[in-house]
Each structure stands twice: as structure tokens, then as C-alpha cells.
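What follows is a short report on a single structure.
All figures in this text were calculated on a predicted structure; none of them were measured in a lab.
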Amino acid sequence: MSAPRFAFTIAATDGAARTGAIAMERGTIRTPAFMPVGTAATVKAMKPADVARAGADIILGNTYHLMLRPGAERVARLGGLHAFMGWERPILTDSGGYQVMSLSELTKRSEEGVAFASHLDGTRHLITPERSIEIQRLLGSNITMAFDELVPTTSTREVQAAAMERSMRWAKRSRDAFHDADGGVHAAHNAIFGIQQGALDEGLRKASADALIDIGFDGYAIGGLAVGEGQEAMFACLDYAPGQLPADRPRYLMGVGKPDDIVGAVERGVDMFDCVMPTRSGRTGQAFTRSGPINIRNARFNEDQGPLDPECGCAVCATWSRAYLHHLVRSGEILGAMLMTEHNIAFYEALMADLRAAIAEQRLAAFASGFRARYGAGKGGQG
């Protein structure tokens with residue numbers, strides 16, 4: 001029996017939280033899931049096999065960065081993103097909208113799309129919903145994201161409403177382009193998600209969710225959060241936003257986040273996450289542990305023979321001491337960034353496995369409470 005194009009099943013619930021799986025032709029994604037970010041066709045400082053070994057079922061690729069370098073058409077000629085980077089499991093690609101707004105210069109927004117200057121060389125480009133979907137198809141994306149417009153949560157309600165409404169028009173154009181391109185061949189084997197917008201306004205979020213449901217998507221993302229509003233405001237939004245989306249489809253919180261952010265979002269019904277934090281932090285000497293994050297550059301670790309996290313089962317913690325990692329990172333050795341990143345990805349994936357087990361066994365509240373008490377207590381004490 002062949003694998004389905006896209007099938008989401010919920011195996012158990014605990015409060016608003018759910019655990020289950022997304023079955024796709026390239027593999028099954030266990031949920032709640034964390035997707036390591038492979039911005040430029042690589043999860044920085046890690047080989048694809050090591051990412052899979054850490055427990056990742058799916059990674060994220062970045063449309064904006066890949067369209068600029070090496071170029072979507074080139075990746076397509078080289079066999080698509082999976083063959084290009086040596087990753088066989090599912091890949092989700094973002095639409096490029098966030099990077100266009102945050103990295104590019106001289107952006108000009110219109111109903112057609114967004115014109116911008118590349119942050120690399122200043123060349124001018126135009127991304128429309130249709131071009132974003134085309135780029136993602138050329139990359140060979142398994143979960144394509146609709147193109148949307150992001151505005152700061154501090155914008156006026158009028159600006160937020162206008163951006164949300166335009167995003168919904170772009171969502172329809174994205175969905176149509178996804179199904180119409182190449183005779184529907186790519187769409188017959190892959191999926192597309194819509195993105196809910198509306199900043200921190202419950203009414204705008206509801207209007208966005210209703211518009212997306214009317215268009216119809218395989219899954220639904222919650223966009224426009226984790227952009228500086230703080231955890232309390234984000235959680236307040238997540239108290240209602242996931243429930244505005246269909247219960248029988250995956251819910252993806254984009255760009256989140258810190259471990260305690262993820263735990264709180266899972267409690268509120270979110271199924272999928274991505275964030276650069278475990279990789280970026282690894283490259284700068286921060287390790288995530290069950291007792292809170294630590295800065296391995298700190299002098300207190302220069303003769304510490306213990307592992308980064310005594311309870312971690314990753315190869316890094318089984319093999320190397322804090323003292324050795326301290327030496328590598330302080331010396332600027334490439335291996336330091338590699339080992340720190342490998343541990344952080346393994347920590348995030350182990351957290352997701354723990355969350356799935358806690359939901360399945362109806363003990364999420366106790367797990368979350370215990371995790372927060374221990375992780376939060378260590379935040380300031382081990383740096």
C-alpha cells in the first residue's frame with residue numbers, strides 16, 4: 001500500500017494538546033514535531049544523517065535564501081532540494097515573506113507582491129504569491145507555505161487588518177497556483193498550508209482563520225508571533241488562535257521557539273514548530289539542558305568533567321565533557337559549533353518525544369509543570 005499524499009491522525013489528546021502523526025510519501029512526521037531549520041539547504045554545522053539520528057522527521061528550507069543563492073531553477077536542475085542536500089525525509093519550505101520583510105532593503109509592497117533588493121548584492125526581485133509557490137515547487141517542497149504579508153504586532157489595527165486581508169487574498173492565489181502549476185503533478189504528491197495572521201487581535205485572527213478555512217488547506221500555520229511581543233502576549237494569543245483553526249488539521253506555530261515556549265504552545269493545541277534557536281545558540285556557545293540553558297564559554301566549565309546534560313542520551317553528552325566543549329568554543333574550533341549544535345538539536349527532539357509521551361499517557365500537566373519549574377530555575381544560574 002502506497003503512502004498517502006497527506007494524512008493527519010490524532011492518536012491521543014490531553015486537554016487542548018494532541019499527539020499523532022502526519023503521513024506523507026516521504027515519511028511520517030510524529031506530532032508535536034520540531035523542525036530544525038535548514039536555511040540554505042543545510043542545518044548549519046550538522047550532516048543530514050545526524051539530524052535524522054537526533055530524531056527529526058522533517059526539516060525546514062528557506063525560500064528567500066534559496067531563491068537568491070543558489071537559485072531555485074538551479075536546485076531543480078540538480079534534482080531538487082532532497083537530492084541536492086542529501087535529506088530523504090519531508091521538507092517544509094516557508095514562503096519567503098518573513099525574510100523579505102526583515103532582511104531586504106527598499107521593499108515595496110503592492111497587491112501584486114513585494115519588490116525588494118537582495119541583502120546579498122542589492123539586485124532587485126519581485127516575489128508574488130505565484131512566484132513563491134513556483135520557487136517552492138522547483139525546490140521540491142513537501143509542505144509548501146502560502147505567501148503572506150507580515151506587519152509588526154505594534155502596528156495600528158488598521159494596518160494589521162489591511163495586511164491580514166491582503167494575506168488572505170494572497171492565500172487564495174497561493175492555493176490556486178499550487179494546484180494549477182505543472183498540471184497539478186506536484187500538488188498530487190505534496191501539501192500546502194495557509195497562514196493565519198492578525199497580530200494579537202482576536203477578531204482579526206478569527207476573520208483570518210475563517211477566510212483560510214473557506215479557501216481550504218491541508219494544514220494551518222499561526223503566523224506573526226515570536227516577533228518581539230514576549231511570551232505572555234504570545235500565550236494570550238495562543239489561548240484562542242489554535243481553536244479558531246480546524247481540529248482535524250495540523251497547526252503550525254511559525255518561528256517558535258525557546259523550550260518553554262514550545263511546552264506552553266503544545267498545551268494550547270499546537271502541533272508543529274520551527275526555530276533557528278538550537279542551531280544558532282549552538283554556534284555561539286549556548287547549550288540547552290533540562291536544568292536551563294548554559295553558556296559553555298563561562299570559566300566555571302574549564303575543568304568540569306561532566307556532560308552538558310547528565311540526563312541527555314545524545315552522542316555528545318555520552319562522549320565529551322563540558323571542559324572539552326568549553327575549550328573548543330573558547331578556541332573557535334569548528335568542532336565546538338558542530339558538537340554544541342548536535343546536542344541542542346537532540347535536546348529539542350527529546351523534548352518533543354517527552355511531550356508526545358506525556359500527552360499519550362494523560363500526564364501533560366504534570367510534565368509541563370515539572371519541566372517549567374526545573375528549566376526556569378536554572379535559566380539564570382548556569383550561565
Got Ile294 and Leu308 here, is their nearest side-chain heavy-atom distance under 4.5 Å? yes

Would you say Gln244 and Gln196 are linked by a side-chain donor-acceptor pair, where the criterion is simply a distance under 3.5 Å? yes

When Asp14, Asp239, Asp261 are each screened for salt bridge (Lys or Arg N to Asp or Glu O under 4.0 Å) with Arg268, the one that passes is Asp239

Tell me whether the centres of the aromatic rings in His119 and His65 are closer together than 6.0 Å. yes

Go through it in stages, so that I can follow the logic: the residues are Tyr64 and Phe116, the test is ring-ring contact (aromatic ring centres under 6.0 Å, His included), and I'd like the CA-CA distance, side-chain angles, deciding distance and then a yes or no. CA-CA 11 Å; Tyr64 171 86; Phe116 65 96; 5.6 Å; yes

Within the supplied structure, the quantity of interest is the number of heavy atoms (other residues, nucleotides, ligands) at a distance under 6.0 Å from Glu112 CD; does it exceed 12? no

Output field: ring centroids His189/Phe6 closer than 6.0 Å: no

No-hydrogen, no-angle side-chain donor-acceptor test under 3.5 Å, Ser141 and Gln136: no

Taking Ala337's backbone N and O only, do any of them form a donor-acceptor pair with Arg283's side chain (distance below 3.5 Å, no angle check)? no

Neighbour count >12 (heavy atoms, 6.0 Å) for atom CZ, Arg69: no

Would you say the side chains of Thr19 and Arg356 form a donor-acceptor pair under 3.5 Å? no

Would you please indicate if the ring centroids of Phe217 and Phe178 are separated by under 6.0 Å? no

Can you confirm whether Arg74 is buried at CZ, in the sense that more than 12 heavy atoms of other residues, nucleotides or ligands lie under 6.0 Å from that atom? no

Side chains of Tyr348 and His343: donor-acceptor distance under 3.5 Å anywhere? no

Considering all heavy atoms of both residues, which atom of Leu238 and which atom of Val270 are nearest to each other, and what is their separation? CD2-CG2, 4.4 Å

Report yes or no: is the cationic atom of Arg249 (NZ for Lys, CZ for Arg) closer than 6.0 Å to the six-membered ring centre of Phe8, at no more than 45° off its axis? no

Hey, are Tyr98 and Asp148 close enough side-chain-wise for a donor-acceptor pair under 3.5 Å? no

Whether the side chain of Asp354 engages the backbone of Ala358 through a donor-acceptor N/O pair (distance < 3.5 Å, no angle test) should be reported. no

Would you say the side chains of Gln160 and Asp201 form a donor-acceptor pair under 3.5 Å? no

